[in-house]
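Working notes, structure below.
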Amino acid sequence: MADAEEGRLERLTGMLKRRGIILPAFEIHGGAKGLYDFGPVGGRLRNKVNQAWLNHWISMGNIVELSCPTITPYAVLEASGHVGEFSDFMTNCNSCEEASRADTILEPHHANPDSLTKSDLQQLLGDVNPQCPSCGDSDWSPIVAQNLMFNTTIGAGKSGRPGFLRPETAQGMFTSFSSLYRHNRERLPFGAVQVGKGYRNEISPRQGMIRLREFNMAELEYFIDPEVDLEHDFSQWASLQMNLLSESDGEIIMSITDAVAKGIIRHPTVGMFMAKTFDFLTNIGIDSSKLRFRQHQSDEMAHYASDCWDVEILGSYGWVECVGIAHRGCYDLEAHEKATGKTLRARREFAQPKIVEIDGWTTDGATAGPAFRALAGAVKKAVEQLSSTCEFPTQVTLENGESVTVDSAHVKRVQRTESISGEWYIPHVVEPAFGIDRIIWHLLDHAYDESGKDGEEYVTLRLNESIAPVDYCVFPLFEKDGMGELARDIHRSLCSKFGTVSIYDASGSIGRRYARADEIGVPICITVDHQSLQDNTVTLRDRDSGKQSRISISEL
RNA sequence: GCGGAUAUGGUGAAGUGGUAUCAUAGGAGGUUUCCAACCUUUUGCCGGGGGUUCGACUCCCCCUAUCCGCACCA
């Protein structure tokens, strides 16, 4: 069984290469690890999957599409935590030049070296001075952070600023929050989607398209008010049993509706995106029996996340994570706020304005200014903290620790009633993130059917019509007597329709041409024969059933 | 990054210290050709770089890529 599966995987990748779907990139120069081409057929496939994905989310009505640069300044990814999180700290042995990870060689000397900062590690390395695992010497170079992101310089020469190729598309959507907020008339919830390239300089790309250095990702950021319980209508998924691997209950079969009701899915909006993700994947042709949701363990989730579910799809490489749906809290917007000092918030109006009685003190600028000079600002702050019953003169302690005497001439009473109509808050984010390459791989894997009609070796790629890269093949039964010309006319007229792709093929026997079309998953083949010349009808042949029907050319 | 295996037409394979064989696919022509039919003809390959040798696809070294473990990781 394993051998048969192995053979299948090789035949599948061979076919993908032979037919121009997925190929190793730059092969004539020896190739490059972790980089793939989508070929003349695959390019269109990728595009259709991207478009289906965009359409699926934009149809929600409150989701907009963004396109942000892949080149990203250092500061953005520093704020997001990627500069720190995506790093390994490396040190070189000065004797044998062997590179080692600092946290690995310090493992015997610290409970959790992974948690240390660079300078802590450097300190510990100097104190312990461990032996090189390779040559036994103890002479280490300074620690350098080796990041899994691709470095680049934005600009030339001295004006160049450090940057990276983005490791995910999400950050651009967070940094665009203000624009999104304005566009959506300052009302939550709303979302933004983006499909595009991401880059990670993986130590070891493996397993074909499963781990790449440049990959296609599609991410959605859905901004919500944490204090509003969104109403999601789960009724359409109520009877749909899902394969769930939950953190507390293990493997269970349950509808998403029930899992949300029981609190297994901790947030209804996460549940809603899980259900809609299921719809998307099955709509484009992922086999629902080879799909499951796996909840992250608490220690596996990023510290800021409150719930995270992966969609795993079963294929030739086993269960592979293809989508992650995470409740990220306010982490991202807050991180960019902290780093920039800009406000990335939404406003929440109170049902009833809050009436606040203010009764206290402030300074009188005319007297306090000359009296306290440079300290006047700090004195004002301190005085505004004083109770309304305070009596002057009094000693106040300033921020810098100094103590000054404030007397009644420096202050004035403040008594007023304020009505506060609302407040600003940092929205929370639910993020479904899709690995498009991995999804495409599984679409192909699930669609690849080697079962010939009579036990013969015959390949059909049973791709869903919505993503099939070629819509029609047009064949003249013979390329003579005018059949070729008629077939070319039909081909041209199909191609001129928006979004329709047709292939004209007149070489080889008709059976061979059907076989070629089946192998790249063309749903419908159109054949022009002698009868076509007389009555303007053609044969339509359906890929999956093989059934033929005659229809008039005008009905195509 | 460590260990192991591999690298020959587009694809899948065979083989040799003296430039390569087979199947399949592709092009052209023929055949009333509807599920990889047939006939003729044609195109196309030793991953890259060094070394040994009169001569290297073959032997040696390095590199690159692929696959499998380990490690790492959306």
Side-chain angles (χ1 to χ4, degrees), chain A residues 2 6-7 9-20 23-36 39 82 85-86 88 90 98-101 103-104 114 133-134 146 148 167-168 170 198-208 210-213 215 217 219 296 300 302 308 310-312 317 320-324 326 431 433-438 452-454 456-460 475-481 483 505-519 525-533 538-543 545-550:
Chain A
E6 276 297 305
L9 179 56
E10 278 154 26
R11 289 190 298 278
L12 171 55
T13 49
M15 184 280 279
L16 294 175
K17 191 174 173 190
R18 179 159 38 84
R19 298 311 307 275
L23 314 87
F26 311 120
E27 211 183 8
I28 62 168
H29 287 278
K33 221 177 203 178
L35 301 176
Y36 277 84
H82 285 89
E85 287 283 315
F86 270 57
D88 286 334
M90 306 296 293
E98 183 79 6
S100 292
R101 279 183 51 179
D103 56 343
T104 307
D114 202 27
S134 155
Q146 185 168 310
L148 292 180
E168 58 174 38
Y199 305 83
R200 290 178 195 179
N201 206 353
E202 297 286 353
I203 295 168
S204 178
R206 276 294 172 77
Q207 297 181 303
I210 303 301
R211 201 188 306 165
L212 300 170
R213 288 199 167 124
F215 47 97
M217 54 199 326
E219 294 183 299
H296 278 210
E300 181 185 3
C308 184
D310 284 345
V311 177
E312 298 184 330
Y317 295 108
V320 172
E321 174 214 331
C322 295
V323 184
E431 176 193 80
F434 291 63
I436 295 291
D437 308 279
R438 290 181 175 188
K453 282 152 223 165
D454 307 306
E456 286 172 36
E457 198 175 294
Y458 193 91
V459 170
T460 309
F475 308 141
L477 195 54
F478 311 102
E479 204 172 28
K480 59 181 185 183
D481 302 336
M483 283 182 269
D505 190 357
S507 77
S509 73
I510 191 75
R512 181 180 297 251
R513 285 178 262 164
Y514 284 143
R516 280 195 287 243
D518 287 343
E519 205 174 32
C525 292
I526 298 169
T527 303
V528 172
D529 57 15
H530 290 95
Q531 194 184 330
S532 309
L533 299 172
V538 289
T539 306
L540 289 193
R541 179 264 199 184
D542 178 76
R543 177 193 69 206
S545 67
K547 292 232 169 66
Q548 297 196 5
S549 55
R550 272 205 101 77

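Note that the coordinates shown come from a computational prediction; the quantities given were computed from them, not determined experimentally. Order of the sequence lines sets the chain letters (A, B, ...), proteins ahead of strands, with each chain counted from 1. Only this structure's heavy atoms are used, side chains among them; waters, hydrogens and symmetry mates stay out.
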Check: Among the nucleotides rC34(B), rC68(B), rU11(B), which one has an atom lying closest to any side-chain atom of Y514(A)?
Finding: rC34(B)
Notebook entry, point to check: Do D505(A) and R512(A) come within less than 4.5 Å of each other through their side chains, counting heavy atoms only?
Noted result: no
Next item on the list: Scan every strand shown for a Watson-Crick or G-U wobble partner of rG1(B), both distances under 3.5 Å, and answer none if you come up empty.
Entry: rC70(B)
Checklist line | Expected output: side-chain Q548(A) to main-chain T539(A) donor-acceptor under 3.5 Å | finding: no
Next item on the list: In whole angstrom, give me the gap between the P atoms of rC70(B) and rU16(B).
Entry: 35 Å
Notebook entry, point to check: With both distances under 3.5 angstrom, what nucleotide forms a Watson-Crick or G-U wobble pair with rA23(B)?
Noted result: rU11(B)
Item checked: Nearest-nucleotide pick for D529(A), side chain only, options being rC68(B), rG26(B), rC34(B) -> rC34(B)
Item checked: T539(A) side-chain N/O to rC34(B) phosphate OP1/OP2 under 4.0 Å -> no
Check: For R516(A) and rA25(B), is the shortest distance between a side-chain N/O and OP1 or OP2 below 4.0 Å?
Finding: no
Next item on the list: Provide the distance between the two P atoms, one in rU52(B) and one in rA65(B), to the nearest whole Å.
Entry: 27 Å
Item checked: rU8(B) and rG47(B), which share atom name P, separated by this distance in whole Å -> 6 Å
Notebook entry, point to check: Rounded to whole angstrom units, what separation is found between the CG atom of L16(A) and the P atom of rU66(B)?
Noted result: 16 Å
Checklist line | Nearest-nucleotide comparison on RNA chain B, the residue closer to the 5′ end among R550(A) and A32(A) | finding: R550(A)
Check: Given atom CG of D505(A) and atom C1' of rG26(B), what is their separation to the nearest angstrom?
Finding: 11 Å
Item checked: Which nucleotide in rA37(B), rC35(B), rA36(B) has an atom nearest any side-chain atom of S509(A) -> rA37(B)
Check: Base, sugar-phosphate, or nothing: which does G208(A) touch, judged by heavy atoms less than 4.0 Å apart?
Finding: sugar-phosphate
Next item on the list: Using atom CZ of R213(A) as one end and atom C1' of rG1(B) as the other, report the distance to the nearest whole Å.
Entry: 12 Å
Note to self: If I pick the C1' atom on rG30(B) and the same atom on rG15(B), what distance separates them, to the nearest angstrom?
What the structure shows: 36 Å
Notebook entry, point to check: For rC34(B), what is the paired nucleotide under Watson-Crick or G-U wobble rules, both distances under 3.5 Å?
Noted result: none
Checklist line | Nearest-Å distance once atom C1' is located in both rA14(B) and rA7(B) | finding: 15 Å
Next item on the list: Considering only atom P, compute the distance from rA13(B) to rC68(B) and round it to an integer number of Å.
Entry: 15 Å
Margin query: So which atom in R541(A) and which in G546(A) form the shortest heavy-atom distance, rounded to 0.1 Å?
Written below: CG-O, 4.1 Å
Notebook entry, point to check: What is the nucleic acid contact for G546(A), judged by heavy atoms within less than 4.0 Å: base, sugar-phosphate only, or nothing?
Noted result: base
Check: How many Å lie between CZ on R211(A) and P on rC70(B), as a whole number?
Finding: 12 Å
Notebook entry, point to check: Which nucleotide in the list rC68(B), rU32(B), rA36(B) gets nearest to the side chain of Y458(A)?
Noted result: rA36(B)
Next item on the list: Tell me which nucleotide among rU32(B), rG26(B), rC68(B) gets nearest to the side chain of R512(A).
Entry: rG26(B)
Margin query: If you only use heavy atoms from C-beta on, which nucleotide in rC73(B), rU32(B), rU11(B) is closest to the side chain of R18(A)?
Written below: rU11(B)
Note to self: Rounded to whole Å, how long is the line connecting atom CD of E10(A) with atom C1' of rA5(B)?
What the structure shows: 13 Å
Checklist line | Base-pairing assignment for rU6(B) (Watson-Crick or G-U wobble, both under 3.5 Å) | finding: rA65(B)
Item checked: Atom-pair distance (OH on Y317(A); C1' on rU66(B)), nearest Å -> 10 Å
Check: If the C1' atom of rC54(B) is compared with that of rU41(B), how far apart are they to the nearest Å?
Finding: 40 Å
Margin query: With rounding to the closest Å, how many angstrom separate the P atoms on rG4(B) and rC22(B)?
Written below: 37 Å
Margin query: Taking the minimum atom-to-atom distance to the side chain of I510(A), which one of rA37(B), rG10(B), rC34(B) wins?
Written below: rC34(B)
Margin query: Give me syn or anti for rU21(B), where syn covers glycosidic angles within 90 degrees of 0.
Written below: anti
Next item on the list: Could you tell me which nucleotide pairs with rG29(B) by Watson-Crick or G-U wobble geometry, both distances under 3.5 Å, or answer none if nothing does?
Entry: rC39(B)
Item checked: Euclidean distance, atom CG of residue D310(A) to atom C1' of rC73(B) [Å, nearest integer] -> 13 Å
Notebook entry, point to check: Given atom CG of D518(A) and atom P of rC34(B), what is their separation to the nearest angstrom?
Noted result: 16 Å
Note to self: Nearest heavy atom decides the nucleotide; on that basis, is R19(A) or P24(A) closer to the 5' end of RNA chain B?
What the structure shows: R19(A)
Check: Between the base of rC35(B) and the side chain of R543(A), is there a donor-acceptor distance below 3.5 Å?
Finding: no
Check: Using purine N1 to pyrimidine N3 plus N6-O4 or O6-N4 for Watson-Crick, or N1-O2 and O6-N3 for G-U wobble, each under 3.5 Å, what pairs with rU16(B)?
Finding: none
Note to self: Of the listed nucleotides (rA36(B), rU31(B), rC35(B)), which one gets closest to any side-chain atom of R541(A)?
What the structure shows: rC35(B)
Note to self: Less than 4.5 Å apart, side chain to side chain, heavy atoms only: is that true for C525(A) and R516(A)?
What the structure shows: no
Checklist line | Verdict with reasoning, R550(A) to D529(A), per side-chain contact (heavy atoms from CB on, under 4.5 Å) | finding: CA-CA 11 Å; R550(A) 272 205 101 77; D529(A) 57 15; 3.0 Å; yes
Check: Choosing from rC72(B), rC34(B), rC68(B), which nucleotide comes nearest the side chain of T527(A)?
Finding: rC34(B)
Note to self: Counting only side-chain heavy atoms from C-beta out, which of rU11(B), rC73(B), rC34(B) sits nearest to Q548(A)?
What the structure shows: rC34(B)
Item checked: For D518(A) against R543(A), the heavy-atom pair lying closest together -> OD1-CG, 3.5 Å
Check: Can you find a pair of side-chain heavy atoms, one from T527(A) and one from Y514(A), that are under 4.5 Å apart?
Finding: yes
Margin query: Regarding Y36(A) and D437(A), do their side chains bring together a donor and an acceptor under 3.5 Å, going by distance alone?
Written below: no
